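First the structure, in the form of structure tokens, and then the observations on it.
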Amino acid sequence: MTQYHALSAVNERGDENVVLESDGSVLWVPPVTYHTMCSSSGDEITCPWKIGSWTYDGISVALETKDGLGVTNYNDKCPLVVASHTAEVVSHKYACCDEPYPSFDATIVFKQRS
């Protein structure tokens, strides 16, 4: 998976963990940091991002959201607060291919902490 239009991405390798379910499914969350471009308007900073696969279609990989976008671990010492956020999986069809290509599209809006 990669962030489309990322300014940069740093793959951080080291100790990595997976969650192994009793049905044999495995959840692996790769350690990576993405840097993206945000826009500001007044006192709000809006950061949209889209993550998806360039090589695997929606038949090979299933993207899903669980309870939207998790922001509960957001650092409360940061000078910005999360004002709002959205997250959804969007299926894209391209002229070249019969298969759908899903992406995870999210937007986070920040405001200055008061």
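Quick note: residue numbers are just sequence positions, from 1. Predicted model only: the values in this text are computed from it and were never measured.
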Could you give the distance from [atom1] ([X]) to [atom2] ([Y]), rounded to the nearest 0.5 Å?
X      : Y      : atom1 : atom2 : value
Ser84  : Lys111 : OG    : NZ    : 8.0 Å
Thr107 : Lys50  : OG1   : NZ    : 10.0 Å
Tyr101 : Ser60  : OH    : OG    : 8.0 Å

Audit row: Phe110, Val82, side chain to side chain contact (heavy atoms under 4.5 Å, CB included) steps and yes/no: CA-CA 5 Å; Phe110 298 97; Val82 177; 3.9 Å; yes

Identify the two heavy atoms, one from [X] and one from [Y], that lie closest to each other, and give their separation to 0.1 Å.
X      : Y      : result
Cys47  : Trp49  : O-CD1, 3.5 Å
Pro102 : Val61  : CG-O, 4.2 Å
Ile45  : Cys38  : CG2-CB, 3.7 Å
His92  : Ser103 : NE2-OG, 2.7 Å

Glu88: partners by salt bridge (charged side-chain N to carboxylate O under 4.0 Å, His left out), with sequence neighbours left out: none

Side chain to side chain contact (heavy atoms under 4.5 Å, CB included) assessment of Leu80 paired with Gln112: CA-CA 5 Å; Leu80 302 174; Gln112 289 290 332; 3.4 Å; yes

Validation row: Glu21, Val26 side chains within 4.5 angstrom (heavy atoms): no

Single-linkage hydrophobic cluster Val89~Ile108, side-chain heavy atoms < 4.5 angstrom: yes

